[in-house]
Amino acid sequence: MTYRTDRIEALLDEGVRNKVYPGAVWAVGDASGIHAHGTTGVLDPDKPNAPMRPDTVFDAASLTKILAVWSSVGALWEEGKLDLDSPLGEFWMEVDGHPLAAVTARQLLTHTAGVPLRAQLKNLYGTDPQDIRDGVLHEALHRPPGEAVEYTDRAALILGYLAEHLSGQPLDQLATERTWLPLCMNSTRFGPLPAEAVPRCAPTELDPDTNTHLKGTAHDFSARLLGGVCGIAGTFTVLDDLARFLRYMLDGSAFPERAGFGPAWAAASLTVQTGSLAPTRGLFWHPAPGTDPADDIWVHYGFTGTGMWISPRLQRWAVLLTNKLYYTRDRQPLTEVRNAFRSFVFD
């Protein structure tokens, strides 16, 4: 594997000095395991003597869309319980007769379904989980399905509801049984975290209600509103668990137990699924910024500062976990770090 760990370490150390994030955990590997990894900075700037650790627990934010929703939908697809191109209204009574009935699962996975771009769950539907579910599933479309690629959290929320409908299980139970347990991702779970896990969790944004940084409770408001479990966000994870997940995506044969999804789902998802529409998308994954789809380097990010990359062509994966949200919602400084990190790992 050709990459420069010294350049990666220098880049991430500089990010700490520039207060892009308090600390970071990273790794690069292939199907056989982790080949390089490291940590930099501190877990919490209020405790400067507590360094970031390889087993630090991170609020995964939108990585939930991959770890819980994408993996569960893939399991249902591989079982033949979900046709990605059938209009939802043909097999899901909850949406029959509503605008969402014309949308397909593939359109949700490619962010081409035309559903509203913002969640705004509390403002639109209140705080009752059933009212929120009804509201989301019965909402008018923002534009005709298949017309444009527009990233929206609602796609994952709807697919999470769909996975629950098709499996008869809550999303957290489904993801645990079908993906996390088989892959021995023993530190991955939806929050809020149990008290004993909170001390090694990286804090995120300041909570104005308590004047303390969120720690062990999801930053994402929709996840908190829904009790911690939803398709948008809410999972917490560690580096080793993400490494196992990505290793399995490259080659599941080395694992003693198979997850619900397999190589067919991974291959379909890491393929351009949006035709001539831009920006290019696979199924929830997208080509890494600064690369061409032909480079075959795919990525998914989380708003808290998390990210994971995978390249079947290069047989390589990478993880970069930060709690950049501790300092700011400004995306640009971390975007620059992420793009440089990707170039050091894959170019």
Side-chain angles (χ1 to χ4, degrees), residues 60 62-96 98 100-113 115 129 133 136-137 145-146 152-185 188-190 223 226 229-235 237 241 244-246 248-250 252 255 257-271 273-274 281-286 298 300 310:
S62 279
L63 295 193
T64 299
K65 295 176 172 70
I66 297 295
L67 300 176
V69 178
W70 175 85
S71 61
S72 296
V73 169
L76 295 164
W77 175 77
E78 291 207 4
E79 287 175 7
K81 293 180 178 176
L82 174 62
D83 180 346
L84 296 185
D85 297 307
S86 291
L88 299 180
E90 291 185 3
F91 59 91
W92 194 8
M93 291 303 296
E94 274 184 283
V95 303
D96 188 31
H98 298 281
L100 199 59
V103 167
T104 68
R106 189 184 304 274
Q107 289 168 336
L108 290 167
L109 287 160
T110 54
H111 293 284
T112 59
V115 297
R133 181 179 178 120
V136 168
L137 297 182
T152 168
D153 281 337
R154 283 185 179 236
L157 184 59
I158 294 164
L159 285 167
Y161 288 146
L162 175 61
E164 291 180 333
H165 164 71
L166 292 174
S167 68
Q169 294 178 290
L171 183 61
D172 54 342
Q173 185 180 336
L174 177 62
T176 300
E177 290 185 7
R178 304 305 302 278
T179 304
W180 303 341
L181 281 180
L183 299 184
C184 296
M185 296 168 62
T188 300
R189 54 158 292 163
F190 277 95
L226 292 168
V229 180
C230 79
I232 295 173
T235 55
T237 194
D241 284 6
R244 296 184 73 84
F245 187 89
L246 293 165
Y248 178 82
M249 283 182 65
L250 286 178
F255 286 75
E257 191 174 349
R258 189 186 187 280
F261 75 92
W265 183 242
S269 300
L270 304 178
T271 304
Q273 297 279 346
T274 46
R281 288 269 171 185
L283 301 180
F284 265 11
W285 295 85
H286 62 91
W298 301 81
H300 206 290
I310 188 167

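Under a 3.5 Å cut-off, the side chain of Arg154 and the backbone N or O of Val115 do not form any donor-acceptor pair. Ser71 places no side-chain N or O within donor-acceptor distance of the main-chain N or O of Thr179, the cut-off being under 3.5 Å.
A 4.5 Å side-chain heavy-atom check between Thr235 and Arg189 finds every atom pair outside the cut-off. The closest side-chain heavy-atom distance from Phe190 to Leu67 is not below 4.5 Å. Here the side chains of Pro182 and Arg258 are not in contact, with every heavy-atom distance at 4.5 Å or above. No side-chain heavy atom of Trp298 sits under 4.5 Å from any side-chain heavy atom of Ser269. Proximity of Leu82 to Leu166: side-chain heavy atoms (C-beta onward) are separated by under 4.5 Å at one or more points. The closest side-chain heavy-atom distance from Leu157 to Leu226 is below 4.5 Å. Side chains of Phe245 and Thr188 form no contact here, defined as non-hydrogen atoms less than 4.5 Å apart.
From Arg244, atom CZ reaches atom CG of Leu183 across 7.0 Å, with rounding to the nearest 0.5 Å. Leu84 contributes atom CG, which lies 5.0 Å from atom CZ of Arg106 (distance to the nearest 0.5 angstrom). Of the inter-residue distances, the one linking Leu159 atom CG with Leu88 atom CG reads 8.0 Å to the nearest 0.5 angstrom. Distance OG/Ser167 to CG/Leu162: 9.0 Å, rounded to 0.5 Å. A distance of 12.0 Å separates CD in Gln107 from OG1 in Thr274, rounded to the nearest 0.5 Å.
You'll find the ring centres of Trp70 and Phe261 inside the 6.0 Å limit. Aromatic pair Trp92/His165: centroids less than 6.0 angstrom apart.
A donor atom on one side chain and an acceptor atom on the other are not found under 3.5 Å apart for Glu164 and Gln169.
In this view, His98 and His138 satisfy the ring-ring contact (aromatic ring centres under 6.0 Å, His included) rule, not counting sequence neighbours. Residues that satisfy the ring-ring contact (aromatic ring centres under 6.0 Å, His included) test with Phe255, not counting sequence neighbours, are Tyr248.
Of all heavy-atom pairs spanning Ser86 and Phe91, the tightest one is O-CE2, 3.7 Å. Shown here for Thr110 and Gly282, the closest heavy-atom pair between the two residues is CG2-O, 3.4 Å. Considering all non-hydrogen atoms of both residues, Ala268 and Gln273 come closest at O-NE2, 2.8 Å. Closest non-hydrogen pair, Ser62 versus His300, comes out as O-CE1, 3.4 Å. Residues Asp241 and Thr237 share a closest heavy-atom pair of CB-OG1, 3.6 Å. The two residues Ala163 and Leu174 come nearest to each other via the heavy atoms CB-CD2, 3.8 Å.
Remark: Glu78 does not engage Arg178 in a salt bridge, criterion side-chain N to carboxylate O under 4.0 Å.
When the options Thr64, Asp153, Val69, Thr152 are evaluated for a side chain to side chain contact (heavy atoms under 4.5 Å, CB included) with Ile232, the one that passes is Asp153. Of the options Val73, Leu108, Leu109, a side chain to side chain contact (heavy atoms under 4.5 Å, CB included) to Leu283 is made by Leu109 and by none of the others.
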task = Report the C-alpha distance between Phe284 and His111 in whole Å, list the side-chain angles of each, state the deciding distance to 0.1 Å, and finish with yes or no for side-chain contact (heavy atoms from CB on, under 4.5 Å).
result = CA-CA 8 Å; Phe284 265 11; His111 293 284; 3.9 Å; yes
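Contacts classified as salt bridge (Lys or Arg N to Asp or Glu O under 4.0 Å) and involving residues 86-95 (residues at least two apart or in different chains) are given here: Glu94-Arg133.
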